[in-house]
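Below, chains carry the letters A, B, ... as their sequence lines are ordered, and counting in each starts from 1.
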There are 4 protein chains.
Amino acid sequence: MVRPRFARLPPAQQQAILRAALDEFATHGFHDASLNRVIDAAGISKGSMYYYFDDKADLFAHVARVEFERLLADVGPVARPSEPGPDAFWSTVERFYRDALTRLAAHPRVASLARTWLGASENPALQRAQLELEATVMPWLERVLVLGRSSGAVRTDLPSDLLIAVAIGMGRAMDTWLLSRPPDDTAPPPTGALVGMLRRALEPQT
Amino acid sequence: MVRPRFARLPPAQQQAILRAALDEFATHGFHDASLNRVIDAAGISKGSMYYYFDDKADLFAHVARVEFERLLADVGPVARPSEPGPDAFWSTVERFYRDALTRLAAHPRVASLARTWLGASENPALQRAQLELEATVMPWLERVLVLGRSSGAVRTDLPSDLLIAVAIGMGRAMDTWLLSRPPDDTAPPPTGALVGMLRRALEPQT
Amino acid sequence: MVRPRFARLPPAQQQAILRAALDEFATHGFHDASLNRVIDAAGISKGSMYYYFDDKADLFAHVARVEFERLLADVGPVARPSEPGPDAFWSTVERFYRDALTRLAAHPRVASLARTWLGASENPALQRAQLELEATVMPWLERVLVLGRSSGAVRTDLPSDLLIAVAIGMGRAMDTWLLSRPPDDTAPPPTGALVGMLRRALEPQT
Amino acid sequence: MVRPRFARLPPAQQQAILRAALDEFATHGFHDASLNRVIDAAGISKGSMYYYFDDKADLFAHVARVEFERLLADVGPVARPSEPGPDAFWSTVERFYRDALTRLAAHPRVASLARTWLGASENPALQRAQLELEATVMPWLERVLVLGRSSGAVRTDLPSDLLIAVAIGMGRAMDTWLLSRPPDDTAPPPTGALVGMLRRALEPQT
DNA sequence: TATGAATGAGCTTTCATTCAT
DNA sequence: TATGAATGAAAGCTCATTCAT
């Protein structure tokens with residue numbers, strides 16, 4: 001767990017460290033990231049790093065949590081739709097998804113972090129960090145799911161963790177696909193179609 | 001790329017090497033796998049390994065390709081459904097999916113390899129290997145997609161690589177969810193529901 | 001040397017520090033003991049520790065001296081035997097030895113400390129501390145020796161520091177041997193035989 | 001365990017490594033010895049060191065075993081006394097002891113190593129090495145003990161491991177005492193008196 | 001065709017100690 | 001009198017890869 005000492009640092013220095021770590025993890029993933037490069041870039045000593053964080057995984061977990069929370073805060077909550085009914089819910093989701101994509105596109109390093117988070121890992125230290133992250137994001141997803149169900153927009157015949165897993169998987173797939181498009185393809189992402197597929201998979205059967 | 005030299009080895013020795021590598025990669029993932037352990041288990045010298053394979057990623061790509069091809073061969077092709085129409089196609093897919101799951105459950109090391117393959121990686125060498133693997137599996141998936149479309153079972157309004165990405169993502173999500181269930185849950189996987197979601201996402205809109 | 005500042009602390013806090021240090025040194029030996037753990041357990045700051053003690057070795061020397069003095073005080077002095085003659089002296093020694101063993105068995109941490117003290121060390125800081133400790137215990141041993149000589153129980157043809165070294169060495173050997181016995185061996189230590197060997201080595205020649 | 005690779009090295013390089021390690025361990029003890037210094041002094045790479053030895057403790061065990069075996073070989077075995085009876089046995093022991101002391105005095109680094117060996121350790125890796133060393137030396141000591149008993153020179157009423165422990169403890173004590181004498185004391189060590197004490201402790205009671 | 005010795009850059013982590021406040 | 005932030009040197013160890021034979 002991040003030590004309180006870190007929180008007591010001058011914001012500028014906190015930023016420097018987090019930024020350096022973000023760069024490193026985004027560029028090299030978790031395992032290949034080098035703490036040596038992080039401390040060089042952040043301009044602190046190796047001792048200091050271990051004074052602030054338990055270990056590499058702790059640093060990763062912290063930097064990822066900060067970035068994700070910032071992202072969620074930026075995008076704003078998935079608000080309760082103004083009108084009742086599935087259509088309004090899915091519109092809200094699509095709007096949120098488009099926003100999130102836009103922001104991730106503007107912050108490719110955070111997108112990269114997210115991919116590291118979602119990647120499988122055999123490393124126990126990283127797994128700990130991943131669990132910690134999950135604990136940050138899952139409640140948020142569950143809230144959205146509840147909202148969807150109360151709008152009659154999401155099926156209730158399957159367990160919610162399965163639905164969430166599928167939603168994450170589809171999101172990841174779309175991300176992969178978007179990434180694989182040639183860089184000069186300036187067409188906007190087909191968010192309508194993508195959310196449409198998600199909707200069809202998750203909405204109640206008729 | 002695997003060197004032809006490897007193919008010229010006595011099959012027994014090829015098996016020994018591939019088996020050792022499969023064990024190692026399945027147990028430790030790509031990065032944490034140790035070539036030293038592989039050559040110890042395979043009973044060959046370090047020099048020989050580099051005589052047969054370019055590098056670690058090359059070994060991984062080869063072992064993964066061999067295992068996947070064996071898996072696909074075991075399960076058999078997704079045959080042209082005996083009857084026309086979407087229902088027959090999706091039944092075939094579900095049957096295939098159930099078979100594949102069964103086989104993966106029987107070969108956990110191959111399942112583990114698949115997860116390594118599907119995991120995102122920032123490691124350039126591994127990415128190269130992943131691309132190589134993709135080249136093995138994609139044509140197969142595309143064949144299935146064509147089949148589905150000619151049955152009217154799969155939408156044609158979205159690019160096929162997007163549909164494939166979504167299918168892979170959902171498959172991965174289901175795998176994750178299946179893995180996360182308590183080990184003593186002996187209920188059979190809800191393949192029907194899972195393929196149902198896939199179908200709803202991919203079938204043509206009405 | 002312990003700073004007088006330490007003596008001025010409230011006894012409760014002195015106890016907390018000494019107890020934490022005793023635990024740490026007994027568990028990990030000198031080198032592997034961590035000052036960080038000690039200050040955590042004692043609930044004081046790093047700065048305070050260095051305000052009270054010169055360094056790690058100083059802390060070790062102090063904690064060891066306190067414990068040994070307490071042990072000697074508990075066991076009581078090797079009293080002048082009530083009767084004259086060697087037999088009475090050696091009986092006293094044996095009684096003392098048995099008492100000391102009993103007490104060490106009841107305070108394994110102190111026993112562990114004693115072993116660290118008696119262990120050879122190339123570490124200059126620890127050597128300094130060991131010398132300091134010696135200065136605490138040697139006078140006590142010399143008093144016993146004088147007692148023995150005046151009873152005619154201890155030879156006078158060899159220098160007293162040699163005799164003391166031999167006595168310590170034999171004590172250490174016995175300790176080692178006692179420790180090496182299987183834990184389920186509940187037979188009482190053969191103190192008679194052990195002191196008998198010591199006696200034969202140290203008593204005057206006939 | 002030392003790897004056979006090491007034995008295959010040119011003798012000159014083996015010597016260089018063993019010599020560097022001996023210097024380092026003798027000067028700094030086990031824990032404070034630095035592998036980095038050893039490899040610098042030996043002129044080999046870090047990788048090579050770990051190619052030859054499992055780890056630090058393995059290196060220590062090997063260097064110590066080599067030196068002790070050389071010492072024992074130099075001094076020669078404790079030969080069966082030419083005449084029967086205790087006196088001849090103890091004369092042999094004293095002669096051996098004097099020889100060994102002479103040689104240790106001529107090789108202070110080996111003496112230092114011996115002290116590290118005999119020192120207590122909390123370090124599991126070092127303990128492993130110490131056990132390994134013990135396995136080298138104990139049989140030798142036991143042989144001497146058997147010899148002594150068959151000459152009627154050593155008591156049979158106490159277990160041999162206790163007698164050996166006492167003998168080692170006394171030897172260590174004498175070593176300590178000899179070391180503590182001022183360096184300008186050129187008087188020969190009182191081996192007669194020292195062995196005399198050992199004899200009195202170990203010989204049968206009358 | 002096959003070997004295995006040799007490498008050295010790289011890793012994460014620990015720790016006693018200093019010093020400005 | 002007391003703090004705790006900051007340090008940097010040092011540690012042991014792993015590994016994929018190269019290359020002379």
Practice prompt. For the residue pair D/Phe6 and D/His62, categorise the inter-ring angle as parallel (less than 30°), tilted (30 to 60°) or perpendicular (more than 60°).
Written response: perpendicular
Discussion item. Let me spell it out: for each of A/Ser48 and C/Ser48, pick the nucleotide of DNA chain F with the closest heavy atom. Which residue's pick is nearer the 5' end?
Written reply: C/Ser48
Discussion item. Let me confirm one number: the CZ-CD distance from D/Arg8 to D/Gln14, rounded to the nearest 0.5 Å.
Written reply: 11.0 Å
Item to complete: Remember a base hit wins even if backbone is also touched, and classify A/Leu9 as base, sugar-phosphate or nothing at under 4.0 Å, heavy atoms.
Response: sugar-phosphate
Discussion item. Go nucleotide by nucleotide along DNA chain E from the 5' end; which of C/Lys46 and D/Tyr51 gets its closest nucleotide reached first?
Written reply: D/Tyr51
Worksheet item: Taking the six-membered ring of D/Tyr51 as reference, does the NZ or CZ atom of D/Arg3 fall below 6.0 Å from its centre and within a 45° cone about the axis?
Response: no
Worksheet item: For the pair made of CE in D/Met49 and P in F/dC13, what is the distance, rounded to whole Å?
Response: 11 Å
Response to the item:
Here the distance between atom C1' of F/dG12 and atom CZ of D/Phe60, to the nearest Å, is 17 Å
Worksheet entry | Stepwise salt bridge (Lys or Arg N to Asp or Glu O under 4.0 Å) check, C/Asp23 with C/Arg37 | CA-CA 10 Å; C/Asp23 281 348; C/Arg37 281 190 294 254; over 6 Å; no
Item to complete: Check every strand shown and say whether C/Ala33 touches a base, only sugar-phosphate, or nothing at a heavy-atom separation below 4.0 Å.
Response: sugar-phosphate
Worksheet item: Taking all atoms of both residues into account, what is the closest heavy-atom pair of B/Ala114 and B/Phe68, and its distance?
Response: CA-CZ, 3.7 Å
Fill in: Closest non-hydrogen atom pair between B/Asp55 and B/Tyr50, with its separation
CA-CE2, 4.1 Å
Worksheet item: Can you tell me how far P of F/dA11 sits from NE2 of C/His31, to the nearest Å?
Response: 10 Å
Discussion item. Does C/Lys56 reach a base, just sugar-phosphate, or nothing at all? Heavy atoms under 4.0 Å.
Written reply: sugar-phosphate
Discussion item. Considering every strand and a 4.0 Å limit on heavy-atom distances, what is the contact class for D/Tyr52: base, sugar-phosphate, or nothing?
Written reply: sugar-phosphate
Discussion item. Once you apply a heavy-atom cut-off of 4.0 Å, does C/Ser34 come out as touching a base, just sugar-phosphate, or nothing?
Written reply: sugar-phosphate
Practice prompt. Mind calculating the distance between CD1 (D/Ile39) and P (F/dG12) to the nearest angstrom?
Written response: 10 Å
Worksheet item: Of B/Gln13 and D/Gly47, whose closest DNA chain E nucleotide lies nearer the 5' terminus?
Response: B/Gln13
Worksheet item: For B/Arg37, which contact category applies under a 4.0 Å heavy-atom criterion: base, sugar-phosphate, or nothing?
Response: nothing
Worksheet item: By side chain to side chain contact (heavy atoms under 4.5 Å, CB included), which residues pair with B/Ser45, not counting sequence neighbours?
Response: B/Ser48
Worksheet item: How many Å lie between CG on A/Asn36 and P on F/dA11, as a whole number?
Response: 16 Å
Discussion item. Counting only heavy atoms not in B/Arg19 (residues, nucleotides, ligands), do more than 12 fall under 6.0 Å from its CZ?
Written reply: no
Worksheet item: For D/Asp55, which contact category applies under a 4.0 Å heavy-atom criterion: base, sugar-phosphate, or nothing?
Response: sugar-phosphate
Practice prompt. On DNA chain E, reading 5' to 3', which nucleotide is the first and which the last to sit with an atom under 4.0 Å from a heavy atom of chain D, could you check?
Written response: E/dG4 to E/dG10
Worksheet item: Closest approach of D/Ala57 and D/Arg128, non-hydrogen atoms and distance?
Response: CB-NH2, 4.4 Å
Fill in: Short side-chain N/O contact to F/dT14 OP1/OP2 from D/Tyr50, under 4.0 Å
no
Fill in: Pairing pattern in dot-bracket form [Watson-Crick, G-U; both distances under 3.5 Å; | = partner strand] for DNA chain F
.||||||||||||||||||||
Worksheet item: With distance as the sole test, does A/Glu132 use its side chain to make a donor-acceptor pair with the main-chain N or O of A/Ala61 at under 3.5 Å?
Response: no
Discussion item. Considering every strand and a 4.0 Å limit on heavy-atom distances, what is the contact class for D/Arg3: base, sugar-phosphate, or nothing?
Written reply: nothing
